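Notes to accompany the following structure.
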Amino acid sequence: MEQKQNPIPINTAETAVPFWRDAGKRALLFQIVALFVVGGISYYLFSNTQANLARQSIATGFGFWEKEASFEIGESLIRYSAADSYARALLVGALNTLKVAFIGIILTTILGSFVGVARLSSNWLVSKVAGSFIEVMQNIPVLLQLFFWYAIFYESFPSPRQALNPIKGVFFCNRGFIFAIPESHSAHVAMGGMFLVVLIGGWFLNRWGYKRQELTGKAFPAGRITTALALFLPLLVWAFYGAPTAMNVPELRGFNFQGGLTISPEFSALLLGLVLYTSAFVAEIVRAGIQSINRGQIEAAKAIALRPGQVLRLVIMPQALRVIIPPLTSQMLNLTKNSSLAVAIGYADFVAVANTTINQTGQAIEGVAMIMVVYLFFSLSTSVFMNWYNKRMALVER
Amino acid sequence: MPESTAAKREQLKPPVSNVGIIGWLRTNLFSTWYNSLLTIAMLGILAWLVPPLFRWVFIDSLWNSSAEACRDIDGACWSVIPNNIRFIILGFFPEGQEWRPILAMILLLSLVIYSKERSRWKKSLAWLWLINLIIMGTLMYGGVLGMPVVETSQWSGLPLTFLLSFFGMIVAYPLGILLALGRRSEMPAIKTLCVVYIEMIRGVPLISLLFMSSIMFPLFLPEGVSIDKVLRALIAIILFTAAYIAEVVRGGLQAMPRGQYEAADSLGLPYKHTMRLVILPQALKIVIPPSVGVLLSVFKDTSLVVIIALYDVLKTTMVTLSNPKWAGYSSESYIFLALLYFVFCYAMSSYSRKLEKELHTGH
């Protein structure tokens, strides 16, 4: 019996691997196919859209930006009238979105941290009230909450003639909350400037104090000095300008109030709804962040005789913030995105203005694209900030 | 002697101030001076808020009366709910056919409750769902067994809310898994496509996608082809949800230890089998609780279809309120609706928490 030779040839460099067995080539082929499929679908949709637009004779492009908008906007941070262009109307909308998002983020952070800490309180009653607040707010759609608050503000409040007047110069009615504000005076600008100067000075003072503490071990109460100066110096400026006390008091003329500062029911409902809804989520994040800290850390901090305030500021917060900040930013982004629901209750945010623009001009594609681009810009700039922050925090990590 | 001291010690009871109601009050409400202050302040706020609210809800209110009777009372007019309950829940579904959506909803809810038990998660459950979804679809649409056809434009109220959230979730899940795998892929083109899609969708509000579905989809299609309005909104919700599910699933994939991939590789399993037999069964198990969270937010987000004029349960309530007879009772109606949403959402969120605890086997 002759031993049979193995008939299978040994795979040498000369015998080429068929391309469907080569992982690299296969991956390349697969990617090319995927790109072709995506490209093909896009082309198909694009050509359909082209044909449809041509048939309905809708012009594409952003030429409509220059045209007269010819619709009024209820509230605006910059001067705007119906005679202005669409571009300016959209800018008004974007600023309104930023306004509600900015104020909302500040209030949400404050309320959310407060409720989160209350949830952890050793006081049973406080903890339970905070817990039920969180459950109720998280489990009701935010749009329903907006409608609810808007209905309260718009239906349950009296008309301007019967406006509630809890304290002098403050009126609550279904046209909004109207406050008396100080008459504009050059002193106020100077006071604001002084406040800013103190804040910047305080930052440098804090840095200097920190350095000195590192060198000599002596603490410097930079925070307290800055707070005192920030309160006192603007008052000094105010007195220097002759202490103007004139107030711009709202007055009922005809069917509505004139003067003062009016916060519209739309804005209040939107702000209240967004803040209550989002702060429930923020509270859970804050709670998780504080709970993530090892008990030993707090005990160690107490053992080296740090005061309770210092334990919080120097030991708990730096570690808790590392856990809190990433989900917190995503909640802030959610708040900004949810502010687009303003369109449902008639607050003139960017989506509402863009929607009106779409209805008037028929430029649907441009309108929806603009909405997406604006919100993508917010999101991407937030994630750029987050990456920067995470990198900075990673350096601190051991 | 030592025995008697031990007996004496046993007889000594803890001081009254440390046990029972007083002890509980002391440790939980009045442990320190500021806790006592906090308790008193909180009780004060509750005493100021609760009695008038209680009066409004229960004492001065009417529960089942005519709209005219409601004009003369100070309290809540809950009568708006029983008088309009059929329209709020079922919307424009034809008269006489109410049993169909109600039966479909009962089927859905009992299926959900049946699927809660983890011991029932088998392949047969998926088939059960598929069969039931077909039955529910048939019940809603009709056209067979002598049930008249009900166009989707007449589907409204609570069935529409359920339809959008459950179908949205079920279709979006496989799509989300594919996107997550694509994002973790080593092929640059696939990875880029998936990352761009996920980040773009997550960066924009749902409402912009809904606008897109209602205004732009008709332009995308060739002449003469039109898709149903409900389906268009459903597609927008699916596209939106898929991106969020992709991120949830990616979390599960990243949590898999490297050894699992290496073990599958060393067995010579191809990519397809590595994923299907080794990685995904484990990764998907981890992400069940956050997936319930996604379902919860989809359920809440379906209320946004109000803005593109789809008649979900929120819109039917608003239509009721636009009736001059019942106008002005928005608070009552919205509170009822909030309660409805709360019941479902709370059930889902506590279920998700329970699962998390059960599945956390502690490594």
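Because the structure is predicted, anything quoted here is derived from the model rather than measured. Quick note on labels: first sequence line is chain A, next is B, and so on, each numbered from 1.
- Dense packing is recorded around OH of B:Y197, with more than 12 heavy atoms of other residues, nucleotides or ligands lying under 6.0 Å away.
- Looking at A:N355, only its side chain comes within 4.5 Å of chain B, counting heavy atoms on both sides.
- Heavy-atom neighbours of A:F30 CZ from other residues, nucleotides or ligands within 6.0 Å: at or below the threshold of 12.
- Distance check: B:Y271 OH to A:R26 CZ gives 12.0 Å after rounding to the nearest 0.5 Å.
- In this structure, A:K337 contributes its side chain and B:R202 its backbone to a donor-acceptor pair below 3.5 Å.
- In this structure, CZ in A:F147 is found 14.0 Å from OG in B:S331, a value given to the nearest 0.5 Å.
- Closest approach of B:L304 and A:L143 over heavy atoms only: CA-CD2, 4.0 Å.
- Interface residue B:L337: backbone and side-chain heavy atoms are both found under 4.5 Å from chain A.
- Neither the backbone nor the side chain of A:A51 comes within less than 4.5 Å of any heavy atom of chain B.
- Neither the backbone nor the side chain of B:M348 has a heavy atom closer than 4.5 Å to any heavy atom of chain A.
- Heavy atoms of A:I140 lying under 4.5 Å from chain B belong to its backbone as well as its side chain.
- Looking only at distances, a side-chain donor or acceptor of A:N48 sits under 3.5 Å from a matching main-chain atom of B:F220.
- Within the model, atoms CE of B:M200 and CE of A:M372 stand 5.5 Å from one another, a figure rounded to the nearest 0.5 Å.
- Closest of all the heavy-atom pairs between B:K300 and A:N139 is CD-C, 4.3 Å.
- When each of A:L35, A:V38, A:L144 is scored by its heavy-atom pairs under 4.5 Å with chain B, the top score falls to A:L144.
- Both the backbone and the side chain of B:L43 come within contact range of chain A, each with at least one heavy atom under 4.5 Å from a heavy atom of that chain.
- Rounded to the nearest 0.5 Å, atoms CH2 (A:W149) and OH (B:Y334) are 13.5 Å apart.
- Proximity to chain B (any heavy atom under 4.5 Å) is shown, for A:L333, by neither the backbone nor the side chain.
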> Can B:L219 and A:L45 be said to form a side-chain contact (heavy atoms from CB on, under 4.5 Å), step by step?
Replying inline: CA-CA 8 Å; B:L219 291 175; A:L45 295 180; over 6 Å; no
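- Contact annotation for A:V343: only side-chain heavy atoms (C-beta onward) come within less than 4.5 Å of a heavy atom of chain B.
- Enclosure of atom OH in A:Y154 is not indicated, since only 12 or fewer non-hydrogen atoms of other residues, nucleotides or ligands lie within 6.0 angstrom.
- Closest heavy-atom contact between A:S379 and B:G203: OG-O, 2.8 Å.
- Within the 4.5 angstrom heavy-atom criterion, atoms from both the backbone and the side chain of B:I190 approach chain A.
- In this structure, the side chains of A:Q31 and B:P188 come closer than 4.5 Å at one or more pairs of heavy atoms.
- Across A:I365, A:V374, A:I32, the residue that shares the most heavy-atom pairs under 4.5 angstrom with chain B is A:I365.
- Ranked by non-hydrogen atom pairs under 4.5 Å with chain B, the options A:F46, A:W124, A:F378, A:Y375 are led by A:W124.
- With a threshold of 4.5 angstrom between heavy atoms, A:V136 approaches chain B through its backbone and through its side chain.
- Both the backbone and the side chain of A:L376 come within less than 4.5 Å of a heavy atom in chain B.
- Interface residue B:S208: backbone and side-chain heavy atoms are both found under 4.5 Å from chain A.
- Looking at A:F350, there are no atoms closer than 4.5 Å to chain B (heavy atoms on both sides), in backbone or side chain.
- Only the backbone of B:E199 comes within contact range of chain A, with heavy atoms under 4.5 Å apart.
- To the nearest 0.5 Å, atoms CD (A:Q138) and OH (B:Y346) are separated by 11.0 Å.
- Of the atoms belonging to B:V343, not a single heavy atom falls under 4.5 Å from chain A.
- Note on A:E284 versus B:R353: no salt bridge recorded, every NZ/NE/NH1/NH2 to OD/OE distance being 4.0 Å or above.
- When all heavy atoms of B:I207 and A:S340 are compared, the closest pair comes out as CG2-OG, 3.2 Å.
- Residue B:M216 touches chain A through its side chain alone, counting heavy-atom pairs closer than 4.5 Å.
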